[in-house]
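Quick notes on the structure that follows.
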Amino acid sequence: MKVQPSHHPTRYWHRLDDGRIQCDLCPRACKLKPGQQGLCFVRAAEETGIVLTSYGRSSGFCVDPIEKKPLNHFLPGTPVLSFGTAGCNLSCKFCQNWDMSKSREIDTLAASASPQAIARKAKELGCSSVAYTYNDPVIFLEYACDTALACRELGIRSVAVTAGYISPGAREDFFAVMDAANVDLKAFTDDFYHRLCGGHLEPVLDTLKYLRAETSVWIELTTLLIPGHNDSEAELQAMTAWVVENLGPDVPMHFTAFHPDWKMLDVPPTPPATLTRARDIALRNGVRYAYTGNVHDSQGGSTWCHQCGARLIERDWYRLGAWGLDANGRCASCGTPCAGVFEARPGTWGSRRLPVGISS
Ligand code: SF4
Ligand SMILES: [Zn+2]
């Protein structure tokens, strides 16, 4: 079936008494007159309601290692067909993908592909999953969900890379078709979310609690540590203690390095020692799987058995090394299960990045 990029109807809105239409997809709750776009640029009000203007359009497709999402406990070593669209519902000053997330030029999105074409391509390329990533898939929910359903029919799993900034009512539909999610926990203060992202912390924590309590989606968390903004001892203590108390010890945490970008060029890159310190705090607070990211660090990048300390999965950046799990995902030394979704053997994709074209 050929899908023309179009203004796709959505279900998450209601009319206000003053004639405007409120978008109910995310906590921004944009109130729009017909003809106006929301803060995310890709949802707009028409006389008939809110529409998604980027359905069927992508900024391009690429096969990545699943470790790049980052997901370390979900089908390690396998290739994932990744794509994004344009726009975002947060406005992070440190955005590391701003060329896409800040794009208002929907018409310049390079690729156009139907959900079925994406699923078929993933199958043809031997990908275990498709990732909705680069910009936040929450804002292109209808396109992501239709693609996830098409993938499910072909036995391909779906991965959301998201900030979790989505409202109750929509998040049930979105996560019902996802198999795994990497959720950004950008900081642990509302001040950070408000000042640097134009959002709030509480809705993100709500999404995380919802995911853990109400769904079987495999989740991992990522925190980009920005010197002087979210890397204090007290904040990392509070964040990691909250994770263990509310999500349990088995949710992996990734602490990744910031590089000056977008509107935050005056802050230096994160020193590797900061990542190691954050990982140590997490481990001390009971997080069983904590990682340093975007650096060469075999200790901080590998998976270790929380019971006996054996190395379960050796990693250097996105490349896997020695494998210490048995065919059932248990520690080969002591038999303790490792939390996650594992196949009998690791994938062999390596650290390659392969751009691909898809046409409907
Ligand atoms: S999804 Fe977009 S239009 Fe809807 S509330 Fe969020 S930012 Fe506004
Ligand atoms: Zn063990």
Side-chain angles (χ1 to χ4, degrees), residues 7-16 20-46 48-55 57 73 84-92 95 100-104 106 132 135-145 160 162-175 184 193-194 197-200 202-204 206-207 249-250 283 288-289 302-314 322-340 342:
H7 286 201
H8 196 85
T10 80
R11 299 204 289 119
Y12 312 100
W13 54 270
H14 69 277
R15 286 187 196 279
L16 300 170
R20 291 181 302 169
I21 302 173
Q22 178 173 325
C23 176
D24 297 324
L25 178 64
C26 95
R28 293 265 200 177
C30 296
K31 296 168 187 61
L32 308 170
K33 290 182 193 152
Q36 289 184 323
Q37 291 172 311
L39 278 156
C40 58
F41 314 136
V42 296
R43 299 179 94 84
E46 293 186 347
T48 52
I50 303 280
V51 296
L52 169 63
T53 61
S54 63
Y55 192 101
R57 297 187 185 196
H73 294 237
T85 60
C88 192
N89 56 340
L90 289 173
S91 44
C92 303
C95 185
M100 283 178 230
S101 64
K102 303 301 167 205
S103 171
R104 292 167 188 247
I106 305 297
Y132 314 92
N135 66 328
D136 203 303
V138 158
I139 61 165
F140 61 93
L141 178 146
E142 292 77 7
Y143 188 27
C145 287
T162 175
Y165 213 57
I166 182 169
S167 297
R171 71 184 175 201
E172 291 80 356
D173 294 345
F174 182 69
F175 287 113
D184 268 351
Y193 269 89
H194 187 60
C197 307
H200 291 285
E202 206 56 43
V204 180
D206 266 6
T207 298
D250 283 334
L283 293 172
R288 287 177 172 166
Y289 311 103
S302 296
T303 302
W304 305 87
C305 177
H306 68 88
Q307 189 63 41
C308 75
R311 190 173 54 202
L312 301 177
I313 307 171
E314 180 183 23
W323 188 254
L325 290 170
D326 69 14
N328 299 310
R330 293 169 180 269
C331 171
S333 302
C334 76
T336 300
C338 180
F342 300 102

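All ligand and atom numbering here is 1-based and tracks the order in the structure.
- In terms of modelled atom types and a separation under 3.5 Å, the side chain of Asp136 and the main chain of Ala163 share a donor-acceptor contact.
- Under 4.0 Å is where a charged nitrogen must lie from a carboxylate oxygen, and between Arg11 and Asp173 at least one such pair does.
- Side chains of Asn135 and Phe140 form a contact here, defined as non-hydrogen atoms less than 4.5 Å apart.
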CA sep, side-chain torsions, deciding dist, call: Tyr143, His8, ring-ring contact (aromatic ring centres under 6.0 Å, His included):
CA-CA 9 Å; Tyr143 188 27; His8 196 85; 8.9 Å; no

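- Between Ala45 and Ile21 the shortest heavy-atom distance is CB-CD1, 4.4 Å.
- Between the Asn89 side chain and the Tyr165 main chain, a donor and an acceptor come within less than 3.5 Å of each other.
- Exactly one residue among Val138, Ile139, Thr207 makes a side chain to side chain contact (heavy atoms under 4.5 Å, CB included) with Thr162. That residue is Val138.
- Within 4.0 Å of ligand 1, the residues that place a heavy atom are Cys23, Leu25, Cys26, Arg28, Ala29, Cys30, Gly38, Leu39, Cys40, Arg43, Asn89, listed by chain and number.
- Between the side chain of Thr53 and the main chain of Val42, a donor-acceptor pair closer than 3.5 Å is present.
- Using a cutoff of 4.0 Å between basic side-chain nitrogens and carboxylate oxygens, Arg43 and Glu142 are scored as salt-bridged.
- Legend: protein N/O/S atoms lying under 2.8 Å from the Zn ion (ligand 2), waters omitted, number 4.
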